[in-house]
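Note on naming: letters A, B, ... go to the chains in the order of the sequence lines (proteins, then strands), and numbering restarts at 1 for each one.
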Protein chains: 2
Amino acid sequence: MQAGRLSWKDVREAIHEWILSGRYGPGDKLPRDADIAVELACARSTVQRAMQDLSDSGIVERRRKGGTRVRQDPVVRATLDIPITRREIEDRGGLYDYRLIERSFGKPPRAVRIAMNLSDAPDMLRIEALHLCDGRPYIFEDRWVCTTTAPNILKVDLSRDSANEWLVRNAPYTRFEVKFFALNADQRTAELMATTPRSALLAIERTTWLDDRPITHVTAIAAPGYRLLSRS
Amino acid sequence: MQAGRLSWKDVREAIHEWILSGRYGPGDKLPRDADIAVELACARSTVQRAMQDLSDSGIVERRRKGGTRVRQDPVVRATLDIPITRREIEDRGGLYDYRLIERSFGKPPRAVRIAMNLSDAPDMLRIEALHLCDGRPYIFEDRWVCTTTAPNILKVDLSRDSANEWLVRNAPYTRFEVKFFALNADQRTAELMATTPRSALLAIERTTWLDDRPITHVTAIAAPGYRLLSRS
DNA sequence: AAGTGGTCTAGACCACGTA
DNA sequence: ACGTGGTCTAGACCACTTA
């Protein structure tokens, strides 16, 4: 970064400082980008880049002609990284292991069809698998794969390679949805996860699409004590 | 948008398409920005903006001198909005209500000090409060506020105004951390949330700082059935 | 109708990391 | 050392929205 010149991140900090210090409070209108550029002695596009970031972060609200205002109800916007399970475990320094529990065909239950936004119910590949960290259950994965969208998965030996990994590498998506919720372990899940029935488990439900065709729907159930952290 | 000219989002889509179609697979090196700019007939900075976004989305990896490569292990990067609880309920069309359960002073437990990254343990304001949707418990909030960083909260009548809302409006932060996990309701929580002990509940733990001084640490425990959705 | 944000362009220079 | 991404600048024009 060149000395004496402001980067757009510097500009963002400067403007954020104005807000933190109360120079501009919630609902207040900020000066036009052009005027800020003059005040801070930088190009307007630099201010624009900074403002775009403040807007993305939910701190500021911008409207053409209406100008820029400090948001009344700031939103906490958190970003989460959900890596491949194998990598997640290896990055923690754990030993990864994987076990295929079931592989079958059938019509997905209604909840899955709804999540995929499907009216009819074609047969899909059903996969149940367990990811282990240092020999202990880490994540149980209950997955449905749409074989019309991702037919090549039928050639994969899922007892060796996890669908999680194969899909992420070989079936890129254009859109996805994620849901987080807590559930009580039922009898079977408790056995699989080596815990007691009714244990509270974090579930991460993910659906991916290639354009408008669903690829897969997975419910990943994490072992007790699992914590999902936001990116710094 | 001007016709005949490519916006950086168009460029991002074009490049993403190259990846989806297999023209460039995982690990492959993409051409230099400058060459892509020539191929697509746009400015290099437009390609740069598109690439920055693809990099932010975890699709591509960029290194100075090393060039740009398609990521081997794509990461699912989800963004979550965590609004003020009152707004969250009202946006769902629910009737919001709020009850202060406890307001006291004391030393925070060790877990809170660790989360705040504090070695010593000053007295802090402790708040327990319940947010209700249509008269039913929705979120139980267990909060510690550092009164040296946010002293003005002592003047607030917390039986009327929730600390959640007051802090978000009046104590802006520069940094925060969020954790998600599942927990079994204990006896007291079960009573407060009008559910049964051992129910699985989603907990959202959040810590905020103003520069390096902690502001608040809150564990928000959601009612059974609560689901957290990613932003589209 | 006019003002404000949104974006593109072309050129320049910097900074980082690999070869 | 040098190639590649990262960013700034100044100007231009567009697009949206509200006064």
Inset, instruction - Output yes when at least one side-chain N/O atom of B/T68 is less than 4.0 Å from OP1 or OP2 of D/dT4, else no. - result: no
Legend entry - Non-neighbouring partners of B/N152 that pass side chain to side chain contact (heavy atoms under 4.5 Å, CB included), sequence neighbours left out: B/K155, B/W166
Inset, instruction - Keeping to residues at least two apart or across chains, list the side chain to side chain donor-acceptor pair (under 3.5 Å) pairs with something in residues 16-31 of chain B. - result: B/R23-B/E39
Legend entry - Results of side chain to side chain donor-acceptor pair (under 3.5 Å) for A/S159 - residues two or more places apart only: A/D157
Inset, instruction - Sequence neighbours left out, what passes side chain to side chain donor-acceptor pair (under 3.5 Å) with B/E90? Give chain and number order. - result: B/R86
Taking only distance into account, with no hydrogens and no angle test, what donor-acceptor pairs under 3.5 Å do side-chain atoms of residues 214-222 of chain B form with protein atoms, sequence neighbours excluded?
residue, atom, partner, partner atom, Å
B/T216, OG1, B/R143, NH1, 3.2
B/T216, OG1, B/W144, O, 2.8
B/H217, ND1, B/T207, OG1, 2.9

Legend entry - Close residues, residues 52-66 of chain B, relative to DNA chain D [heavy-atom separation under 4.0 Å]: B/Q52, B/R62, B/R63, B/R64, B/K65
Inset, instruction - List for me each residue that meets side chain to side chain donor-acceptor pair (under 3.5 Å) alongside A/S45, sequence neighbours excluded, and say none if there are none. - result: none
Legend entry - Partner set under ring pair (Phe, Tyr, Trp, His ring centres under 6.0 Å) for B/Y96, not counting sequence neighbours: B/H131
Legend entry - Pair B/E88, B/Y138: side-chain N/O donor-acceptor within cut-off below 3.5 Å: yes
Inset, instruction - With sequence neighbours left out, write down each residue that passes ring pair (Phe, Tyr, Trp, His ring centres under 6.0 Å) with B/F140, or none if nothing qualifies. - result: none
Legend entry - Those residues that, when tested against B/S162, pass side chain to side chain donor-acceptor pair (under 3.5 Å) (two or more places apart): none
Inset, instruction - Check DNA chain C against residues 40-50 of chain B and give the residues with a non-hydrogen atom under 4.0 Å, in numerical order. - result: B/C42, B/A43, B/R44, B/S45, B/T46
Legend entry - Residues touching DNA chain D, which here means a heavy atom under 4.0 Å, drawn from residues 24-37 of chain A: none
